[in-house]
Number of protein chains: 2
Amino acid sequence: MTKQSRLPTGIREVAQLAGVSIGTVSNVLNRPEVVAERTRRRVQDAIDRLNFVPNRGAADLRSGRSRMIGLVVPDITNPFFAEVARGAVDAAGESNVAVVLCNSDQDPAKEDRYLDVLEEHRVAGVVINPLAAIPDRLAALRDRGSRVVCVHRSVRTSEFCSVAVDDVEGGRIATEHLLSLGARSVALVNGPVSLRPCADRRRGARQAIKAAGLPADALTEVTAASMTINDGVEAAGQLLKGPALPDAVFCTNDLLAIGVTRRLTRAGIAVPGDVPVAGYDDIDLAAEATIPLTSVGQPKYGLGYRAAQLVLAEIAEDEGHRHERVVFHPQLTVRDSSRR
Amino acid sequence: MTKQSRLPTGIREVAQLAGVSIGTVSNVLNRPEVVAERTRRRVQDAIDRLNFVPNRGAADLRSGRSRMIGLVVPDITNPFFAEVARGAVDAAGESNVAVVLCNSDQDPAKEDRYLDVLEEHRVAGVVINPLAAIPDRLAALRDRGSRVVCVHRSVRTSEFCSVAVDDVEGGRIATEHLLSLGARSVALVNGPVSLRPCADRRRGARQAIKAAGLPADALTEVTAASMTINDGVEAAGQLLKGPALPDAVFCTNDLLAIGVTRRLTRAGIAVPGDVPVAGYDDIDLAAEATIPLTSVGQPKYGLGYRAAQLVLAEIAEDEGHRHERVVFHPQLTVRDSSRR
DNA sequence: ATGAAAGCGCTAACAC
DNA sequence: GTGTTAGCGCTTTCAT
């Protein structure tokens, strides 16, 4: 361990020890190629000996740049957003950019408070999963100099870069898979269609039915109030009370699917033997369930990673930037719940 | 939307519009009580009209303070640390302190790189789940002016504040619970005892056995190479091959417990009827398993929240601080897997 | 109660 | 190639 001087060592002490000016030290820090090899080494030695760590805040202040971005998610405790965060932090880390984590909790007031904090810190950019109603706030943020990219929520305007995954496609491939198993009728166990993802996934399911040449009523719908395992159990109850069981069940999230599977199994209906089931999101629980669940996965890590990349690129481009709308493709993982 | 001046508005433009000096503006920002009500209002008006947002970085630079802390966890994707992070971010948020998220990935090199970044940003403090070997690095960080508190890992020295949960106690209460069900022998399905938590939980289990007046060999041990569901399945296989089944099984994590339960059930052994099972960590999967799992839970959110509080307190105390070692108590949640 | 002035640690022209 | 100098936007004495 090197001896520490009590006062934080700064660029000038490095300069003094190396016998150069502070400007030169700054140069070896930021544009090493411009300084003579010999001096560069001497300065580097001083830096090492003094254990000097440059003050990024001071540099940022002076240069007008910033080595920080903000990440605003509803809740880092949600595994989906934990993955997104991981991707974003990794991407930022590669450029030595720090990520400030904010949880909006679906609460506009909280979101606003955190955006204020990010603004005060003059972050170079923000990756955000925005609440529906906040486009103006985001525009203001951008006008203040922070680049903004939206993740996993389609923004009407093309004012920002955004990255999302195609839910219509997800609904389609899940349903196609079920149909490929020979199903002629499928039940859609859905959450509130007021939620964009639920509406989109349904749209995809309908497309698949239609494309298969089946009548529209080959797709029956059960709508759950929310999207928990218990809601799935209840939904399956409805299915069981109906006139005829569907040939297959597509649930728009995994918890619903697990609930449905449990209820069906308990009623003596074999999954997948009698009725194959597919879910959505591919949460950990899907793979680890008693009957491993077929599910549509989203490239969560990729979402975050790409979003951070976009924001970093936009920062680097420094004016003259065309917004990009990246759309990822969901991916179907077939497991026992739909294996014949 | 208020009109934006193209150039970011600063304290001086506020001063000009309000007809006061910049010093006064600074005062209404930081010590409102010291400025006359009338002036305060005028300045506040100007701030609002100009939509002025103070530059925290500049303020920090000048004042030597900092409104940021770092959070270093192995992996935010791990639900345990996601909860910890949530707690830390919430606590920091209450003091309007930004949290920079870092994932060390159990990789000393990465941890080191992130600590460098935090150092460059001159964060006021760091909440960290440190790798075993890094005390010196932490000391250096602290000497550089950042307060450091360790979370969920006992640090030998009392050089830092730390917050952790008592694993010995956790092992004890789980085992006591199993014994209270009438078990006279229990199998401990453990991970590598080179891991501190595994060793501690075993110690707790032994304490419980001893306290119940049972011979030491009433506790049999199976050690798994790692701690997944599959390892649990295998461990249960060993149990089944043994001369006699134990009266109960305590697994030092939930995945092991789920694997054990599956294997036992498949072998016709009823859980909890024939053999009650308890796990550890109380992950989501525990409650949602086919047979909901009894498990020892840790106050993850609390760990993070308290850790951040400690670091903020230490920052505020500004010298003359006695390090605190906070120990949380684990809590047993009884579910079907051990319900008679 | 307010204003004037001196920096915080660094970068970026610009001279030499 | 290197040194000088003027700030970045703000806080903080110290006068007034």
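Every chain is numbered from 1 and lettered A, B, ... according to where its sequence line falls, protein lines coming before strand lines.
In this entry the distance linking CG of B/L61 with C1' of C/dG7 reads 9 Å, nearest Å. Rounded to whole angstrom, the span from the NE2 atom of B/H121 across to the P atom of C/dG9 amounts to 17 Å. Atom pair B/R12:CZ and C/dA5:P shows a separation of 13 Å (rounding to whole Å applied). Between the P atom of D/dC8 and the CD atom of B/E13 lies a distance of 11 Å, rounded to the nearest Å. One atom, CZ of A/R67, and another, C1' of C/dT11, lie 14 Å apart when rounded to the nearest Å. Regarding A/I22, its CD1 atom lies at a distance of 11 Å from the P atom of D/dG3, rounded to whole Å. In this entry the distance linking CZ of A/R56 with C1' of C/dC8 reads 17 Å, nearest Å. B/Q16 has its CD atom 13 Å from the P atom of C/dG3, to the nearest Å.
Residue B/T39 has no polar side-chain atom (N or O) positioned under 4.0 Å from OP1 or OP2 of C/dA1. Taking side-chain N and O atoms only, B/T24 has no distance below 4.0 Å to OP1 or OP2 of C/dT2. Between A/R65 and C/dA12 there is a side-chain polar atom (N or O) within less than 4.0 angstrom of OP1 or OP2. Here A/S26 reaches the OP1 or OP2 of C/dT11: one of its side-chain N or O atoms lies under 4.0 Å away. Within the 4.0 Å cut-off from OP1 or OP2 of D/dC10, not a single side-chain nitrogen or oxygen of B/N55 is found.
For A/S63, the listed nucleotide lying nearest its side chain is C/dA12; candidates were D/dC8, D/dG3, C/dA12. Closest approach to the B/A36 side chain among C/dA1, D/dG9, D/dT2 is made by C/dA1 (side chain taken as heavy atoms from C-beta onward). Distances were taken from every side-chain heavy atom of B/N27 (C-beta onward) to each of C/dT2, C/dT11, C/dG9; the shortest belongs to C/dT2. You'll find that the side chain of B/V20 is closest to C/dG3, out of C/dT11, D/dC10, C/dG3. The side chain of B/R62 approaches D/dT11 more closely than any other nucleotide in the set D/dT11, C/dG9, C/dT11.
Using bins of under 30°, 30° to 60° and over 60° for the plane-to-plane angle, the ring pair A/H323/A/H321 lands in the perpendicular bin.
A salt bridge is absent between B/E13 and B/R49: the closest approach of a Lys/Arg side-chain nitrogen to an acidic carboxylate oxygen does not fall below 4.0 angstrom. For B/E37 and B/R40, the salt-bridge test passes: some basic side-chain N is under 4.0 Å from an acidic carboxylate O. By the 4.0 Å N-to-carboxylate-O rule, B/D107 lies too far from B/R113 to be salt-bridged with it.
If B/V35 and A/A58 are placed on DNA chain C by their nearest nucleotide, the residue sitting closer to the 5' end is B/V35. The residue among B/R40 and A/G23 whose nearest nucleotide of DNA chain C lies closer to the 5′ end is B/R40.
Between B/E314 atom CD and B/Q309 atom CD the span is 13.5 Å, to the nearest 0.5 Å.
Looking only at distances, no side-chain donor or acceptor of A/S146 sits under 3.5 Å from a matching main-chain atom of A/R142.
As judged by a 4.0 angstrom heavy-atom cut-off over every strand, A/D60 is placed among residues making no nucleic acid contact.
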